[in-house]
Amino acid sequence: MNKKILGLVIIVAVVILIAAMMTRRPNQKLVIGVITPLTGAVSQNGEAVKNGLELAKLQLNDPNISIVYGDSMCDSKTAISAFNKLTTQDNAKVIIGLVCSGEALAINPLAEQNGVLTIA
């Protein structure tokens with residue numbers, strides 16, 4: 001992957017994590033759900049998102065933030081399944097990482113209905 005693109009991904013990841021941190025109360029746990037293609041034809045994009053978020057989390061060094069991942073495979077049905085798991089089982093209130101338009105379009109109505117912030 002191009003170093004400029006990877007750098008941009010890392011910067012965006014840091015900004016997203018900082019914004020998410022600012023919306024919570026002190027010592028409140030924050031679970032960030034990430035739905036991104038970790039397998040399949042565009043998995044390199046999902047891996048870049050994951051690497052950027054993990055680096056940002058290391059830099060923030062906040063034990064009250066956890067990141068949980070769901071593999072969308074860039075497929076809307078798979079993304080919906082990941083959304084349901086992340087929001088019900090993992091209690092994620094923020095979903096990020098939607099790099100494929102189909103997954104974002106499938107998830108947005110569910111997120112709005114359930115009061116979950118999504119950033120794509």
Side-chain angles (χ1 to χ4, degrees):
M1 174 175 278
N2 184 319
K3 286 185 179 184
K4 288 181 182 180
I5 294 173
L6 182 58
L8 180 62
V9 167
I10 291 169
I11 290 169
V12 170
V14 170
V15 169
I16 289 170
L17 284 176
I18 290 170
M21 284 179 57
M22 293 173 65
T23 63
R24 69 182 169 93
R25 286 173 255 135
N27 297 321
Q28 177 187 17
K29 298 274 185 193
L30 175 65
V31 178
I32 299 172
V34 181
I35 300 174
T36 196
L38 298 172
T39 60
V42 293
S43 61
Q44 71 278 5
N45 296 341
E47 284 298 321
V49 168
K50 183 178 181 180
N51 291 339
L53 288 169
E54 291 298 318
L55 181 59
K57 185 175 181 327
L58 281 173
Q59 293 296 317
L60 292 172
N61 193 27
D62 188 336
N64 291 316
I65 296 177
S66 63
I67 301 174
V68 290
Y69 295 90
D71 184 7
S72 69
M73 298 175 18
C74 205
D75 173 73
S76 58
K77 289 181 182 177
T78 307
I80 289 171
S81 294
F83 175 86
N84 289 331
K85 181 210 174 278
L86 292 173
T87 56
T88 58
Q89 292 178 15
D90 298 315
N91 201 31
K93 299 297 183 201
V94 178
I95 299 288
I96 61 175
L98 304 163
V99 298
C100 300
S101 59
E103 62 191 19
L105 291 171
I107 296 236
N108 284 339
L110 295 172
E112 185 174 343
Q113 179 182 349
N114 292 294
V116 176
L117 173 66
T118 57
I119 301 171

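Val34 is listed as a side-chain neighbour of Val49, based on a closest heavy-atom distance under 4.5 Å. Inter-residue side-chain proximity for Ser66 and Ile32 is flagged as unmet; no heavy-atom pair is nearer than 4.5 Å. At a threshold of 4.5 Å between non-hydrogen side-chain atoms, the residues Leu55 and Leu53 do not count as touching. For the pair Asn45/Thr36, no side-chain contact is recorded, criterion being any heavy-atom separation below 4.5 Å from C-beta on.
Applying the side chain to side chain contact (heavy atoms under 4.5 Å, CB included) rule to Glu47 yields the partners Leu38, Lys50, Asn51; only residues at least two apart in sequence or on another chain are considered. Qualifying side-chain hydrogen bond (donor to acceptor under 3.5 Å, both in side chains) partners for Thr118, counting only residues two or more places apart in sequence or in other chains: Asn108. Taking Lys85 as the reference, Asp90 meet the side-chain hydrogen bond (donor to acceptor under 3.5 Å, both in side chains) condition, with sequence neighbours excluded. Remark: Asn114 pairs with no residue by the side-chain hydrogen bond (donor to acceptor under 3.5 Å, both in side chains) rule, at least two apart or across chains. Partners of Thr39 according to the side-chain hydrogen bond (donor to acceptor under 3.5 Å, both in side chains) rule, which considers only residues two or more places apart in sequence or in another chain, are Asp71.
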Just do the side-chain hydrogen bond (donor to acceptor under 3.5 Å, both in side chains) check on Ser76 and Glu103 with the steps written out, would you?
-> CA-CA 4 Å; Ser76 58; Glu103 62 191 19; over 6 Å; no

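Side-chain heavy-atom separations under 4.5 angstrom define the hydrophobic clusters, and the remaining members of the one that includes Val68 are Val31, Ile35, Ile80, Phe83, Leu86, Ile95, Leu98, Ile107, Leu110, Val116.
Taking each heavy atom of Ser72 and Ala79 in turn, the nearest pair found is CB-CB, 3.9 Å.
Separation of atoms SG (Cys100) and CE (Met73) is listed at 11.0 Å; rounding is to 0.5 Å.
Following chains of ILVMFWY side-chain contacts shorter than 4.5 Å, one can reach Val99 starting from Leu117, so the two form part of one hydrophobic cluster.
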